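Please read the structure below before turning to the comments.
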Amino acid sequence: MAVPISQMWTVASYILKKRLSGQKKYPLVLMLEPLFRCNLACAGCGKVQYPPHILKKQLSPEECFHAVEECGVPMVSLPGGEPLLHPQIVEIVNGLVERKKYIYLCTNALELKKRLHEFTPSKYLTFSVHLDGQREHHDMSVCREGGYDIAVEGIKEAVKRGFRVTTNATFFDGTDPNSVRSFFDEVMSMGVEGIVLSPGYSYEKAPDQQHFLGRAKTRRLFRAILSNRKKSWKFNMSPLFLEFLMGKRNYECTAWGSPAYNIFGWQKPCYLLQDGYTDTFQELLDTTNWDEYGTASGNPKCANCMVSCGYEPTAVNAGFGSLSGFFAMAKAAIFSSYKDQGALDLLNNHTTFTAERSHLVKIEGVSLTPQVAQLEETRA
Amino acid sequence: MSQPVHAATPVNVDELEVVDGRAYENLEGWIPELANEADLQNALEKAFDYRGDISLTFKNGETVEAYIFNRQSGKSLADSYVQYFASNALEKRKASYAEIARIEFTGKDRAAGKHWEAWLKKYAEKKAAGETNIALHPEALD
């Protein structure tokens, strides 16, 4: 596991304090979206489709600090939009570091290399670079040729300057597990601290509405990807969440575990669904009918979700919430090779799966190279 | 009045292979008939879900072009409200359902079009024509 001990200790003691105080619902990571505008126009994104006057708005540093203090989380994720487009992002980051919050600044890294000199390396600051696979996969997923090379330049420069860097990938239906495993080799060779990954979520507003992974397929994909693991791969995630993705554990969503705050307020119920907003975090906790969300609720909007923002808090709570959970987490971190012949078979038979899925996208009159034809299904 | 209640899904979610997305509803240009309270509630629910500006005309004659980002149903129209950002103002605003006389879906639906298939088609065509650095770019904000 690639998470530093100091960060693990902070999270563990935070959870323990919450449990001892009898608090049932508490957040772990704040998804703080300081703005929605972005310098990419990815076909799979459900976050950036707003009128121009909304895309021009942004949270002030004071609003960001207030939100963080209001919910009291130990970790803050700064997604967007593209946070490096926020003119006061350095002030926001520095303010959060001063508050000793562990920050994950999620960036597509198009601007990273030229902005690095504005930031100071800190154990509290991690650049979480959106990288959705190997070069061609990533470029197709962000709908921009050359995006991968720019991002990798940013990663390498950030690593060189002593910053904590992780990569963050989202995988959708059609993802080639062999390519993902090669991708893991590539990013680890760049010197990143660890890899973050998640299955894609069926954003209601995403332009592509055809390639959302169902749970059975998600588990098969991640079993193929994460079994027979190389020692060199480090994951900046809970090992129990990875076991959940592989189908070895069954968790329910902790929707309040990663609350989202943006220019509209506190998003109900979570980062991924938009069922309204509240003005305060307490109001979010008190007025959201949490029983209406998660797979057990029967809510079709949650049916296929296995996304990290809802399930990783469950895994983290499980790991730090009891002795048996802690031992399970320690075991998963130490014995992490997960030897599995069935998973090897899945990797070896991947072309068969691709053929089975070829009905998903058909483009008349367009001849795609085999590689691109395969990419047409990834849409990550 | 209450928020929509989700019906239990009959499928076993753990057996799902691929999940369909949502069907697209073309609302751009729609002017809903507001004959009764249910019409108004339905139209405002769709307005909340719409990724473009809406023109709201209030009973006092004022009209605003706004992005509706929240709605809250209460026991009556008077204690139900929408929250919005007017296109020419910085602060959030709130209006009771009871104040609203007319709704027009005048703004461009920002979630419409730009399909993955369209991107792939465009990509393949440009690639075949020998173009390099093929990309989709965000729309200009001004």
Side-chain angles (χ1 to χ4, degrees), chain A residues 37-44 46 48-57 140 143-147 173 202 204-217 219 250 263-265 274-277 289 292 295 297-301 303-304 357 360-361 363 366-368 372 376 379, chain B residues 3 5-24 48-49 51-53 67 69-72 83 85-90 92 107-121 123-125 127-128 132-142:
Chain A
R37 68 179 175 275
C38 192
N39 44 10
L40 287 173
C42 311
V48 297
Q49 300 91 351
Y50 291 101
H53 67 98
I54 297 296
L55 293 176
K56 285 179 189 171
K57 291 189 196 307
M140 286 300 282
C143 304
R144 175 170 173 158
E145 278 190 341
D173 185 39
S202 51
E204 203 168 337
K205 296 302 176 191
D208 175 26
Q209 288 285 324
Q210 294 187 47
H211 305 98
F212 299 122
L213 281 166
R215 288 193 139 208
K217 224 167 197 178
R219 287 177 165 148
N250 202 5
I263 57 165
F264 301 137
Q274 215 163 216
D275 270 358
Y277 289 85
N289 186 354
E292 285 193 356
T295 49
S297 71
N299 184 341
K301 288 182 179 177
N304 67 323
R357 286 194 303 267
L360 286 172
V361 176
I363 303 174
V366 178
S367 171
L368 299 170
V372 174
E376 72 183 331
R379 190 217 66 109
Chain B
Q3 306 293 351
V5 174
H6 308 289
T9 174
V11 299
N12 179 351
V13 292
D14 286 327
E15 290 174 2
L16 289 175
E17 289 287 326
V18 178
V19 178
D20 289 334
R22 315 273 185 264
Y24 173 67
F48 161 71
D49 201 39
R51 286 293 179 93
D53 281 337
Y67 181 78
F69 66 88
N70 195 21
R71 83 302 186 218
Q72 184 63 51
Q83 282 183 289
F85 275 112
S87 60
N88 57 358
L90 289 175
K92 295 175 189 176
K108 180 180 173 184
D109 184 350
R110 303 282 163 176
K114 295 176 276 183
H115 300 292
W116 177 246
E117 290 78 3
W119 152 241
L120 286 171
K121 187 170 186 294
Y123 176 83
E125 285 168 353
K127 196 83 176 166
T132 55
N133 296 321
I134 306 164
L136 289 181
H137 295 285
E139 290 177 47
L141 297 185
D142 294 310

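The model shown is predicted, which means the values in this text are computed figures rather than measured ones. Chain letters run A, B, ... following the sequence lines, proteins first and then strands; every chain starts at 1.
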>> Let me confirm one number: the CG-CD distance from B:Leu136 to A:Glu145, rounded to the nearest 0.5 Å.
In response: 11.0 Å
>> Minimum heavy-atom separation for A:Pro51 and B:Arg51, please, with both atom names.
In response: CD-O, 4.5 Å
> Is any side-chain N of the basic residue among B:Glu139 and A:Arg37 closer than 4.0 Å to the acidic one's carboxylate O?
Replying inline: no
> Looking at OH of A:Tyr50 and OH of B:Tyr67, how far apart are the two atoms once the value is rounded to the nearest 0.5 Å?
Replying inline: 5.0 Å
>> Side chains of A:Pro52 and B:Lys108, heavy atoms from C-beta outward: is any pair under 4.5 Å?
In response: no
> To the nearest 0.5 Å, what is the distance between CZ (B:Phe85) and CD1 (A:Ile263)?
Replying inline: 5.0 Å
> Measuring heavy-atom distances to chain A, does B:Ala86 have an atom under 4.5 Å in its side chain, in its backbone, in both, or in neither?
Replying inline: backbone
> Regarding B:Lys92 and the six-membered ring of A:Phe264, is the cationic atom NZ or CZ under 6.0 Å from the ring centre and inside 45° of its axis?
Replying inline: no
>> Could you report the tightest heavy-atom contact between A:Asn39 and B:Pro138, atom names first, then the distance?
In response: C-CG, 3.6 Å
> Considering only heavy atoms from C-beta outward, does the side chain of B:Asp49 approach that of A:Gln274 to under 4.5 Å?
Replying inline: no
>> Show the nearest heavy-atom pair for residues B:Arg71 and A:Asp275, with the distance to one decimal.
In response: NH1-O, 2.9 Å
>> Within the structure provided, determine whether B:Leu141 and A:His53 are in side-chain contact (heavy-atom separation under 4.5 Å).
In response: no
>> So does A:Cys42 get a backbone contact from the side chain of B:Trp119, meaning a donor-acceptor N/O pair under 3.5 Å?
In response: no
> Given that the side chain runs from C-beta out, which part of B:Phe48 has a heavy atom under 4.5 Å from chain A: side chain, backbone, both or neither?
Replying inline: side chain
> Between A:Leu40, A:Asn289, A:Val48, which residue shows the highest count of heavy-atom pairs closer than 4.5 Å to chain B?
Replying inline: A:Leu40
